[in-house]
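Structure record follows, encoded as structure tokens.
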There are 2 protein chains.
Amino acid sequence: MRTGLLRRIERNWEQELEFLRGLVRRPSTLGNEAPVQRYIARELEEMGLKPDIWQIDPAEISRMPGYSPVEWPYESRPNVAATLRGSGGGRSLILNGHVDVVPATPEHHWTCDPWGAEISDGRMYGRGAADMKSGIAAMIYAVRAIKEEDIALEGDLTLETVIEEECTGNGTLSARARGYTADAAIIPEPFAQTALEAQVGVMWARVTVRGQGAHAERASGAVNAISKAYPMMEAVKELEAKANAAGRPAYFAGHEHPLNYNIGRIRGGDWTSSVPEECTFEVRIACYPGEDLKEVQRRFKRHLMERAREDSWLSENPPEIVFYAFQAEGCTVERSEPLFATLGEQHRSVTGKELQFYSFTGTTDIRFFNLYSGISATCYGPLGGNLHAPDEWVDLESVKSVTQVLALSIVEWCSSREPLSDEGT
Amino acid sequence: MRTGLLRRIERNWEQELEFLRGLVRRPSTLGNEAPVQRYIARELEEMGLKPDIWQIDPAEISRMPGYSPVEWPYESRPNVAATLRGSGGGRSLILNGHVDVVPATPEHHWTCDPWGAEISDGRMYGRGAADMKSGIAAMIYAVRAIKEEDIALEGDLTLETVIEEECTGNGTLSARARGYTADAAIIPEPFAQTALEAQVGVMWARVTVRGQGAHAERASGAVNAISKAYPMMEAVKELEAKANAAGRPAYFAGHEHPLNYNIGRIRGGDWTSSVPEECTFEVRIACYPGEDLKEVQRRFKRHLMERAREDSWLSENPPEIVFYAFQAEGCTVERSEPLFATLGEQHRSVTGKELQFYSFTGTTDIRFFNLYSGISATCYGPLGGNLHAPDEWVDLESVKSVTQVLALSIVEWCSSREPLSDEGT
């Protein structure tokens, strides 16, 4: 069975690549997820599955732990899931992947078309090629191989493709609200075939600084909001330095700088000859697993307000600080979780190497499973680079390898029989 | 005749106010000038004039001195002009006003509706109320009164309402290309009933700083374009300090800070959890009359590049600096120009005060007349405040006063007879 499964994945490889190209060529940035979800749903149908396509109901999930408040609507931005029912008796598994990608702008910084899915030297290039459309291709083609090989599973297997992993996690949260559950979950995020055991908490803050506008001809007597935003950005960097200098969990002992406070956006002024009335910047804040998000928010606000008091204008006109989107707690997974045994065994059987554990200085949707649903979850996905940057790429050999490890892990996990070995074919 | 003219303006005042409200209630920001131009053209037609409505041809004006390069199209953004033919023998005059207004954003900083034209305590509030729709109302209602009083002019009188005074001046330049000419021109910009005798030169620069993007989780190892933009903005402020510390023409001796280098816009990054690849800011640069714009540009570039060389990233990745829109030379007008005698006489006759001269630390369209067309031009308009800022206002008494001064000045200028006096009625 093992050899047949691996051979099937090998035989389907060009088709899997073509499917991945189709994923990458559908630019599924925030608000534009429908085309790629329809494409996935068609693939699942073609495989004989019955995709459940639904729209997130913010009213429903807003009362659930882990919810992130949003400022945009959910119309025409579906989640997709499909369950392959087992015969009963085995453990159940969820494979979850996010279809949303971050913007590719400025596109002229790319050396290739960000939506072209070009292949060169064993890599596919494109926004989302690594993060994480190749993971989605791998998990779907793992299931396709199992189905085509007519391998019967005992436990239920659910495939989920969700939106908003890159800003809220509300897609995966909504899948929990919809009732999908299992004994474990794997998200094939592009972590170079390591198993995720810890991730930081993440929040987004928006800081709005007010100026006193005027015609540029009298700018020296006005207050430029862009200039006044600068000490507030410096305050953010001070806080970041403090956070990284403090003690840290062992998971992140090896990281040089685990908590990144990233000033990811700035918008100020709207006319070159007017003194800006307003400047807004957004910060991605990080904290360790176990840290209370509300306390991190309070610390952030307190520090900026302290710095604001040192400036005569800002003390009278303090910045407005709001937290929106990501309200993502950090989380960890015990190495003793049975899921790691299965993944480790199959990783070794495919790659010949021991499975390494990974602590991620970002967030993933595993938190919804581990923290709020009692479902042990980890990430295991391909090798990629330039995530959230121009020329994002994924190593295609690793995609095939992940497809194989996932297929074998599914069969092992969802069956009551012993781990698959070559003798078991 | 004088008394009749003034009485007519008084009698038309509510109608003039209503016309001004109509101007302010049409938000004529860049690209949206057509509705207000159609509204003005209808008013001119109703007064018995034949408005000439045309579209700017950038190919035609791009070879003319004073042209400013633009990045936007001219479709559906008309200029309007109408000439009242004189009987011959008198001097001709152009009254020119710009219909474009700067953005009112952020609108929530206003205490009133920026497009509401609300009147309170003798002031009208709204974007463009001062700059310069009240000036347009004044010049059109000055002509209306002359026509309604059946006062025959000897010289031709042309009314021009143009676009793009706030970014290029290409509207007024196009009116020159169209052949409108006269012995003098008045632009009723809101300079508190002073006569403009000098204005600075203005240019817009766009500085684009490149970063090295990454996922926020590894921001500390990436290069944030927003952070790298900051030393470049500091370099701009250094240059500004130097420019203001240097010697200055007598026109600007009384100004505390005549040359404002305004950082009017900033845009950087597009996703809070991505390290920004690019940050762009725009600077309004000023220089004195007589300064060569190309030399000012070279100085600007040279200084920023010098500062860039002090930063290891920026020295390898120098900012991109482009100049677009405003290429406005500074200009001056001699006090001996006959136009000032006429304006001074009528200003005194209406207000009882001597006409004061004004040096403006911004630019106006008078440069096209004075520098490139041999037409002596000045500004004389109402009293206003908060130009390019929230709660822009115009003093309505001053609008009426300007309407009167303009009407009397037109009659005096465009006639070969002696200055109007009360005895002349």
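Order of the sequence lines fixes the chain letters, A, B, ..., with proteins taken first and strands second; residue numbering starts at 1 for each chain.
Remark: A:Arg307 engages A:Glu238 in a salt bridge, criterion side-chain N to carboxylate O under 4.0 Å.
With chain A as the partner, the residue from B:Gly213, B:Gly362, B:Pro106 showing the most heavy-atom pairs under 4.5 Å is B:Pro106. Contact count against chain A (heavy-atom pairs under 4.5 Å) is highest for B:Ala214 among B:Ala205, B:Ala225, B:Gly385, B:Ala214. For the set A:Ala325, A:Ala389, A:Ala216, the count of heavy-atom pairs under 4.5 angstrom toward chain B peaks at A:Ala216. Ranked by non-hydrogen atom pairs under 4.5 Å with chain B, the options A:Cys279, A:Pro103, A:Pro276, A:Ser273 are led by A:Ser273. Options A:Asn260, A:Val200, A:Leu259, A:Thr272 differ in how many heavy-atom pairs under 4.5 Å they form with chain B, and the most are formed by A:Thr272. For the options B:Ile226, B:Thr361, B:Asp270, B:Leu387, heavy-atom pairs under 4.5 Å to chain A are most numerous at B:Asp270.
There is no contact between A:Ala286 and chain B, counting heavy-atom distances below 4.5 Å. In this structure, chain A has a heavy atom under 4.5 Å from the side chain of B:Leu30, while its backbone stays farther away. Contact of B:Ile263 with chain A is made through backbone and side chain together, with heavy-atom distances under 4.5 Å. B:Glu234 does not touch chain A: none of its heavy atoms, backbone or side chain, sits under 4.5 Å away. Residue A:Tyr261 does not touch chain B at all, counting heavy-atom pairs closer than 4.5 Å. At a 4.5 Å heavy-atom cutoff, the contact between A:Val283 and chain B is made by backbone atoms alone. For B:Phe281, no part lies under 4.5 angstrom from a heavy atom of chain A.
At least one donor-acceptor pair closer than 3.5 Å links the side chain of A:Arg127 to the backbone N or O of A:Val102. Between the B:Arg367 side chain and the B:Thr363 main chain, no donor and acceptor come within less than 3.5 Å of each other. Without hydrogens or angle criteria, B:Asn262 side chain to A:Ala219 main chain gives no donor-acceptor distance under 3.5 Å. Counting only distance, with no hydrogens or angles, the side chain of A:Asp391 and the backbone of A:Trp110 share no donor-acceptor pair below 3.5 Å.
No option in B:Thr208, B:Asp311, B:Val209 other than B:Val209 meets the side-chain contact (heavy atoms from CB on, under 4.5 Å) test with B:Met232.
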Requested in this report: Start with the C-alpha gap between B:Gln199 and B:Tyr288, add the side-chain angles, then the distance that decides, and say whether side-chain contact (heavy atoms from CB on, under 4.5 Å) holds.
Outcome: CA-CA 8 Å; B:Gln199 65 185 27; B:Tyr288 291 120; over 6 Å; no

**Report entry** Verdict with supporting geometry, B:Glu278 and B:Arg210, salt bridge (charged side-chain N to carboxylate O under 4.0 Å, His left out)
**Finding:** CA-CA 5 Å; B:Glu278 195 170 87; B:Arg210 192 175 177 134; over 6 Å; no

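Between B:Glu166 and A:Trp271 there is a side-chain heavy-atom pair separated by less than 4.5 Å.
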